[in-house]
Number of protein chains: 2
Amino acid sequence: MKPQETERAAGSLHQRIVADLESRILSGQWPPGHRIPFEVELSAAYGCSRMTVNKALGRLVDAGLIERRRKAGSFVARPRSQAAVLDIHDIRAEVTARGAAYRFEIVARARRAATPADRLRIDVPAGAPLIALRTLHYADDRPFCSEDRLISLAAVPEAGAEPFDALPPGAWLVARVPWTQAEHSIAARAATKEQAARLDIAPGAPCLVVERRTWRAGEPVTGVELAYPGALHRLVARFAPTG
Amino acid sequence: MKPQETERAAGSLHQRIVADLESRILSGQWPPGHRIPFEVELSAAYGCSRMTVNKALGRLVDAGLIERRRKAGSFVARPRSQAAVLDIHDIRAEVTARGAAYRFEIVARARRAATPADRLRIDVPAGAPLIALRTLHYADDRPFCSEDRLISLAAVPEAGAEPFDALPPGAWLVARVPWTQAEHSIAARAATKEQAARLDIAPGAPCLVVERRTWRAGEPVTGVELAYPGALHRLVARFAPTG
DNA sequence: CGCCCGCATATGTATAGTCATGAATCGGCA
DNA sequence: TGCCGATTCATGACTATACATATGCGGGCG
C-alpha cells in the first residue's frame, strides 16, 4: 500500500486515523467504555499496517481519549476531571497585547535570610538567603499589577547582583532559569490598604491574586504573588483534551 | 540489540530516552536553541534503531520541548508562554475533597428564546431555545458556589425534560455530552447584591468568577458562570512542560 | 559576482516481521 | 463443581528497511 494513495484530507495517514477516531469519540458515536476495533481490524479498515494504527492509538492514549488493556482491547476512556490549559503570559506581553505602553518599576528590594513568613511562599530552609522584590507593572502609566517576589539566591546566585533595570524579574528569571515544576494558585482577594494604594484602587476592591512557586529539579527557585485589580484583568484558558 | 539489555529504570527504551533528553533540556544543560544530536547519533548512543529514537523525539515535539526541521536537525524549543494545567473538578468532588457534605439546589429554572444578554454567554443564534438554570452548591449547608447556566436545547434537547434532581447540571452535562472545545475565563469581581445574598457574604466582597463556554463539534452547548466567595476558594494549577 | 541547480543529508512516514507481556479463556484434574 | 495451569490472543516494544520530502550547501554556469 503506497502512502500516496490515501494521503488526502489531513496530512499523514496516522494523523488521519487519529482525527477519525477522535471525531467518533468526541461525537459520542463511541461512548465512554466502548471497545474500539482491534488493531488488526483497524489496519484492515484503513488499509495500512498495524504499526501505523498502533502509532495512532498511542497518540490517543497520550491524549487521554482511550485506555488500552492487553488482550482485552482498547476502550474509550471515561472523562474524569476536565482540564484547562492556562497560558501564563509575560506581563509585558499582556500589557502590549491590549495596546498599552508597558513600564515597570522596582519599588522595593531587599536581601535577607528567609523568615518564617517567607517560607510560606517559597519552600527554602529557614535562614536561606533570599532576594525580595516588589515590582509595579504599569499599562499606560496606570498600575496594572503588583508583584511580590522572593528569589532563592542558592538557586540563582546572579540575582544578587542583577539591577533588574532592563527586564522585570519574571522575564529575567524565565530567560535565565529553566524550570521543571511550578505550582499556581488563583484566588480572589480584597485589596489590602497597601495594595490598594499601590494599584490606585479602593481598599477592599476585589483583586485577582496569582501565586506561583517554581522549582528547578526539586530546588526552589522563586515564589511570587501577582495581584491584579479585578476590574482590569482576567485569565483565559482553553480546553485541554485530557480526559 | 535486545530490548531486555537496557530496560531497567524507566520502563521502555523510548520512555527512557524521552526522560533522559527531557532532563537535559529542563536542567539547562541543553539551552533553548541548542541542536540536539541527530537521530542516527542518538540511536548509536542508546544502542537502538532510529525508529525508537524517532518515537521518543516525536513525543518531545508533542510536549513542545523540541522543534524539528528537516535537514537542519532538532533543536531545543525556546519557551514562549508558560502554560499551566488547571484541573476543573466537579464541584461535588471539590466539596467532598475538603471533607464537607455536598448538596445542591436549583433555585431558578426557565425556558426561553436567547436574548441578546444570553448571547454574550453562549454563542447561539438570536432566539435559539435555551434552558436557563440557577443552581446553588452547598458545602455543609454553607453556600459554596453560585452557578448561572444556559444550555442550548438545539445541542441537548433532553435537557428540556431533565429535572436535575439527582445530578447537578454540570455533572449531568459532562456525563451526557462529550465536548470538543471549551473556553474559560477567570476573574475577580465584587459580589452583586443578589449574589451576596445567595452566597451569604457581604455585598461587594470579592468573588472568584469562572466563566466557561463549551462547544461540541463547533456547536455551542452550554455557557456557565460560577461565582465562588473569594475567601472560600482557590484554583490550583500545576505546571505543564509545554514551551 | 551572483544566482540557480542539484546533491547530500536529516527528518517524516510507512511496512513487515519478531519477540515479549499480560490477561482472558478453556480444559483438565481433583 | 471448583480451581489451577496451559493456551491463546491482543497489545507493546523494537528492528531493519524503504522511500518521500525539504533544505542547506556547494559547485557550476551565466
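Excluded from the calculations below are hydrogen atoms, water molecules and symmetry mates; all remaining heavy atoms, backbone and side chain alike, are included. All chains are named by letter (A, B, ...) in the order of the sequence lines, taking the proteins before the strands, and each is independently numbered beginning at 1.
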*asked:* Both conditions, 6.0 Å and 45 degrees, for the charged tip of R103(B) above the ring of Y138(B): are they met here?
replied: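 Yes; both conditions hold, so R103(B) lies above the ring face of Y138(B).
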Just the rounded figure in Å: distance from [atom2] of [N] to [atom1] of [X].
| X | N | atom1 | atom2 | answer |
| --- | --- | --- | --- | --- |
| D62(A) | dG12(D) | CG | P | 11 Å |
| L42(B) | dT15(D) | CG | P | 13 Å |
| L13(B) | dT18(C) | CG | P | 21 Å |
| E39(B) | dT11(C) | CD | P | 5 Å |
| Y46(A) | dT13(C) | OH | C1' | 17 Å |
| E67(A) | dA10(D) | CD | C1' | 17 Å |
| R68(A) | dA13(D) | CZ | C1' | 12 Å |

*Is there a side-chain contact between W30(A) and P37(A), using heavy atoms and a 4.5 Å cut-off?*
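Yes, close enough: below the 4.5 Å cut-off.
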Is a donor from one side chain sitting under 3.5 angstrom from an acceptor on the other, for [X] and [Y]?
| X | Y | result |
| --- | --- | --- |
| D20(A) | Y46(A) | yes |
| R50(B) | S43(B) | no |
| R149(B) | T222(B) | yes |

Quick test: give all pairs of protein nitrogen or oxygen and nucleotides 6-9 of chain C nitrogen or oxygen below 3.5 Å, distance rounded to 0.1 Å.
from   : atom 1 : to     : atom 2 : distance (Å)
dT9(C) : O4'    : K71(B) : NZ     : 3.4

_Sub-4.0 Å heavy-atom contacts from residues 49-57 of chain B onto DNA chain C, ordered by number_ =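 Under 4.0 Å from DNA chain C: R50(B), M51(B), N54(B).
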_If you only use heavy atoms from C-beta on, which nucleotide in dA14(C), dC14(D), dT11(D) is closest to the side chain of S12(B)?_
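Shortest atom-to-atom distance from the side chain points to dC14(D).
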*asked:* Of the listed nucleotides (dT11(C), dT21(C), dT13(C)), which one gets closest to any side-chain atom of S74(B)?
replied: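 Of the options given, the side chain of S74(B) lies nearest dT11(C).
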*First of A72(A) and A72(B) reached from the 5' end of DNA chain C, by closest nucleotide*: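 Nearest-nucleotide comparison on DNA chain C picks A72(B).
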_Applying side-chain hydrogen bond (donor to acceptor under 3.5 Å, both in side chains), can you list everything that pairs with E162(A), at least two apart in sequence or on another chain?_
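If we apply the side-chain hydrogen bond (donor to acceptor under 3.5 Å, both in side chains) test to E162(A), skipping adjacent residues, the hits are W172(A).
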*Should H14(A) be listed as having a side-chain N or O under 4.0 Å from OP1 or OP2 of dA14(C)?*
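True: H14(A) side-chain N/O within range (under 4.0 Å) of dA14(C) OP1/OP2.
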_If you take the centroid of each ring, where Trp contributes its six-membered ring, are Y228(A) and F144(A) closer together than 6.0 Å?_
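Yes, they do, as the ring centres are separated by less than 6.0 Å.
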_Given the structure, check if the side chain of R70(B) and the base of dT23(D) hold any donor-acceptor pair shorter than 3.5 Å._
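Under the 3.5 Å cut-off, the side chain and the base do not form any donor-acceptor pair.
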*Heavy atoms only: give me the nearest A155(B)-P220(B) pair and the separation to one decimal.*
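Closest approach of A155(B) to P220(B), heavy atoms only: CB-O, 3.5 Å.
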_L235(A) vs H184(B), test: side-chain contact (heavy atoms from CB on, under 4.5 Å). Steps then yes/no._
CA-CA 8 Å; L235(A) 294 166; H184(B) 295 85; over 6 Å; no
